[in-house]
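Each chain gets a letter, A, B and so on, in the order its sequence line appears, and its residues count up from 1.
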Amino acid sequence: MAASSAVVAILASIWLCSSIAADASGSSSETTMHTNNWAVLVCTSRFWFNYRHMANTLSLYRTVKRLGIPDERIILMLADDMACNSRNKYPAQVFNNENHWLNLYGDNVEVDYRGYEVTVENFLRVLTGRHESAVPRSKRLLSDEGSHILLYMTGHGGDEFLKFQDSEELQSHDLADAVKQMKEKHRFKELLIMVDTCQAATLFNQLHSPGVLAIASSMKGENSYSHHLDSDVGVSVVDRFTFYTLAFFERLNMYDNASLSRLFNSYDPNLLMSNAYYRTDLYQRNLQEVPVTNFFGSVMETVHTDSAYRAFPQKNTPRETRIRTGKTAEDDSRRSILTDMTKAECPFTRIVSSLESKMETVGNLDSLVNYGLVMILPVLVVSVWLST
Amino acid sequence: MAEIAESASTTEHPLGTVGASRSKASPSALRESDVDPKTMRTTTPGLKRVFLTFSVLLSFLLGFPFLWKTVEIYRSPLPFGDMDALSKQIESSPLQFPCHFQSVFLNFDSRSSGGILDPRELRRSILSEMTKLTSQTLERQCGSCGGNFTLSVVVDSGDGPCRLFDERHGNGLTPNCSYKCGALGALNLGDDEAIDEALRSALDESCSDYGGKLYTVVVVDGGGAGEGPKALVGKHRHGWISGRELDAEAMIGRMAEMFVKVFMNGAREDGAIHGEFMPVGADGRVVLSFSLLNANPDDWFYDWDFQRLDDTLLNPVIEALKPIANISVESQVLYHTPKSSFSYWDESLGSYIFSTKDLSFFVNSNEWHLDTSVAAGGRTKILQFVVYVPSAKECPLSLQLPSGEISKTNGFISPMWGGVMVWHPQSCIKYSGSGPPARLLMHPDDLHRIFEVLMGQLRQLFGLKSNSIYVGAAGAYKLLPSEKGFTEWELDVLSRQHTCFNLHSSGTTLGSLSRLVQSLPRMIIKDEIGKQVKFSLEAAQLAQTNASVGLYEASAASSRQARSLAEDAFFHPSIMSVSYFSFEHCFAVYSPFFLPVSLHVLLAAVREWRRYKHEKAKYVRWKVKQVKAA
């Protein structure tokens, strides 16, 4: 009796706290046109000794920009600032190579989420699109149903999680849930997820939305290693998986059509010291037919405009001399502003504008002011004499 | 031992025991020594302890609902049933609009056409042609007229009477929206604009039925120079076919094609507009951003009087598109914006050439900072219209099509992004004076021409064609352009397609939202979300009602509102699944409070109950023994 009532109580509490997971069916989108590419590049680690994660992300940012994706379609999230870190011997410079061939922080780097803004919540908000209304457009993922999205994440990770900022973690079911909601809302046509952390392949275990391709730097139980140490800067500057990815892309330009299968087959487990794992069961297309520029480069479907729409009545203005000096153009604009003002209804504005126009005609304003000041003196004398 | 037993029993229940011992003094005096306290007792067991423990247990159980209420999460009640019903309904039965057509045969005298034309026969043959054409394309697609159209035929010959056949005649109804015989008198078949105006005044103002949406095709015999029938579609909701010695039967095919291909499908090959040609943002707003790009201001740089262009030419277009999208306009002039593709000098054509293969790489997003709008909210769509003025090194710059000819417009669009056109100044002489070059204001004629190309691009972005000829299976049709950028029948097509798309989108969004909310039972749903869902459902209902009646613009506007409210509800920032706790978390928080205490209380109650039962059994056994002894 006691045991059964205890069990009932426990079952009641279990029922109280249980959640039902509903599995919604995703819809296929083979009929929509591929209109643009987006990239979401996330570096999740803080602290100076994780320099290589920042360098990884910035290298990929540079590659993706070089191949054509513009800043307005890249969301770059960097969890810490290595370039202006007080321990950086080369201030405002970030290198991914010990020979310092390339300054990744050199020109035109637009970081959308920096420092403490890189949190799991903000990351999921970027993916699902649920922002506060005040968040500016540059911080939103404004993709539509024709977009291909590249999602690159690097940092420290483990079995089914990725560590953010050394204080919280993104779990594989959170990521899978966000991707599922993105698919339901048609926020992407195809998604390529690249993860460069330890045991990265476990992060994809719960994904089940169609149209998702995932590649990880290591499998469960394996670590991902850094490539080399820069003794000048004092820390490791790049990870192996990202190093070999960049080596593949350095040979390409935006007109190339190397396929994704070539990229995936270019990873050598002996060089990586881990097994790069990729998951294609959710992706319908054959990897040999998909060019890497589908995700890493820019694509712009263009349609030629055949003819103009000649419907509009044209007012025939005589062809005056078109070349005027800059000053008269400004005068024109100023005069037009003034005439607009005289057309205004308010009498006060009219008075002010007429005064202003009178002031314009006066040649030397300083002399007028001086005359005015000089005039004060006799007025003063007269008034004093009157009052006595 | 008996005294001890007596005293023991007296201390427990003094009244009862004394009475019992007094009454049963004689027979039990011998027997009390036989009472074994482990198996029997002489008094009824007490209930105080049982009451105590059970009252504590009962208070816990009574307090449980109060606890439940205090930890309850506020969830605004969403009408899940209605949301799922709407999404299922929209997916299963695509929205069909009622369309009304009318054909008028004018000035067909009985001598040239074989015999007197019978409206009933004509109507039957036109209907069969139309059903053949609609069954070729997918007529059950969303936003089309489908099989739900009415047709009335009028034969107005110059010499004979005017005969009319409308299917509602059979029901005894006299339609008040029918052609007034003799309204179209002598038509001057030379001037297209004049014919259009005459038709408009004759046909449209008589129509108050159908919400004013009656599509008419007039076939006129006479006029023309005998080169064959000429077919034109006007700016409003009518078209006409004119020619010499026309055969009424032969014209049926062209008439049916004009009804189905032009008026129903919008003069496109297939009837549906794909999602990449619906550039309206999720909140029903579009921002048109016009940019004038000066590639190299050291050579020359241009300015434009955009304000005047906006006031005179652009405003009517924006007004016309009001039911479909809420449009706002902004413009800017940029400098030092080279393009990122290359062009080469072609001697034979006398200009620098870039081809269609380079178009994808034309937009140099690193240098062209186009998306700097602060007016656009998060879910608004921005369409960029770029006018590129090349530098002196690449002037003149022309686009060469794959066929080898030079493009007349030098422009192209990218769906969902916007359009680009290249404009080079009249003379490509580089400025060689000292000091910076002067700002040159674009001449209004040039601006006008640019604007015409940009309007063509805007039409293309919305899925229509920018040229004004439609070539169908039966012949070519000239489409008259309108100064509002879109003719009325084109706006009807757009309204229907957008209504359909918006309703479909709001249905799927609401369905996803309902599934999401039901899958996270511990997530707070704010009142705002509940209200948005309610208004969205009402707007969707209103849109469907309007669509069934035939009010295209009203249904487009309310479907746009339904979609924007559904998107606001779905993308409400408080719906974040990471913030709501899993089962393990919930259990871990509450169990340290309640589990130990409730365990103790339960155990105590159970123990007391068992003790009571045991003591009761002992008493019963003693009673039985008494009864047996007595």
Any heavy-atom pair between the side chains of B:W417 and B:L370 that's under 4.5 Å?
yes
Can you tell me which of A:R73, A:K185, A:E301, A:Q171 forms the most heavy-atom pairs within a distance under 4.5 Å of chain B?
A:K185
Examine whether an atom of A:E132 lies under 4.5 Å from a heavy atom of chain B, and if so say whether it belongs to the side chain, the backbone or both; otherwise answer neither.
both
Picking from B:P316, B:S505, B:S360, which has the most non-hydrogen pairs under 4.5 angstrom with chain A?
B:S360
Among B:W368, B:F570, B:F451, B:F362, the residue with the most heavy-atom pairs under 4.5 Å to chain A is B:F570
Examine distances only and state if a side-chain atom of A:N37 and a backbone atom of A:T293 form a donor-acceptor pair shorter than 3.5 Å.
yes
Does any backbone or side-chain atom of B:L399 lie under 4.5 Å from a heavy atom of chain A? Answer side chain, backbone, both or neither.
side chain
side-chain hydrogen bond (donor to acceptor under 3.5 Å, both in side chains) between A:T305 and B:Q460, worked out:
CA-CA 8 Å; A:T305 308; B:Q460 274 188 307; 3.1 Å; yes
Counting only non-hydrogen atoms closer than 4.5 Å, does A:D306 touch chain B with its backbone (N, CA, C, O), its side chain (CB onward), both, or neither?
both
Between B:Q457 and B:G418 (side chain of the first, backbone of the second, donor and acceptor by atom type, cut-off under 3.5 Å), is there such a pair?
no
Using non-hydrogen atoms only, which part of B:R459 is less than 4.5 Å away from chain A: side chain, backbone, both, or neither?
side chain
B:S407 versus chain A, the contacting section by heavy-atom distance below 4.5 Å
both
Can you tell if the side chain of A:V126 reaches within under 4.5 Å of the side chain of A:Y113, non-hydrogen atoms only?
yes
A:R310, part contacting chain B, at a heavy-atom distance under 4.5 Å:
both
Determine yes or no for a side-chain-to-main-chain donor-acceptor pair under 3.5 angstrom, with B:S466 supplying the side chain and A:S307 the backbone.
yes
Which answer fits A:H131, side chain, backbone, both or neither, if we ask what part of it has an atom under 4.5 Å from a heavy atom of chain B?
backbone
Does any heavy atom of chain B fall under 4.5 Å from the side chain of A:R137, the backbone, both, or neither of them?
side chain
Need one label for B:L454: side chain, backbone, both or neither, based on atoms under 4.5 Å from any heavy atom in chain A.
neither
Could you check whether A:R62 makes a cation-pi contact with A:Y105, meaning its NZ or CZ is under 6.0 Å from the centre of the six-membered ring and within 45° of the ring axis?
no
Counting only heavy atoms not in B:H504 (residues, nucleotides, ligands), do more than 12 fall under 6.0 Å from its NE2?
no
Side chain, backbone, both or neither: which part of A:T302 has a heavy atom under 4.5 Å from chain B?
both
Heavy atoms, side chains only, cut-off 4.5 Å: are B:S87 and B:T508 in contact?
no
Which residue out of B:R610, B:E567, B:K235 racks up the most heavy-atom pairs below 4.5 Å with chain A?
B:E567
Counting only non-hydrogen atoms closer than 4.5 Å, does A:D144 touch chain B with its backbone (N, CA, C, O), its side chain (CB onward), both, or neither?
side chain
Heavy-atom donor-acceptor pair, A:H208 side chain to A:Q206 backbone, under 3.5 Å
yes
Parallel, tilted or perpendicular: which fits the ring planes of A:F164 and A:F123, with parallel below 30° and perpendicular above 60°?
tilted
What part of B:F594 gets closer than 4.5 Å to chain A, counting heavy atoms only: side chain, backbone, both or neither?
neither
For A:R125, does its backbone N or O pair with a side-chain atom of A:R130 as donor and acceptor, under 3.5 Å?
no
If you count heavy-atom pairs under 4.5 Å with chain A, which of B:N410, B:V420, B:V453 comes out on top?
B:V453
In terms of heavy-atom pairs under 4.5 Å, which option from B:G411, B:G456, B:S468 contacts chain A the most?
B:G411
With a 4.5 angstrom heavy-atom cut-off, could you sort out which part of B:V363 is near chain A: side chain, backbone, both or neither?
side chain
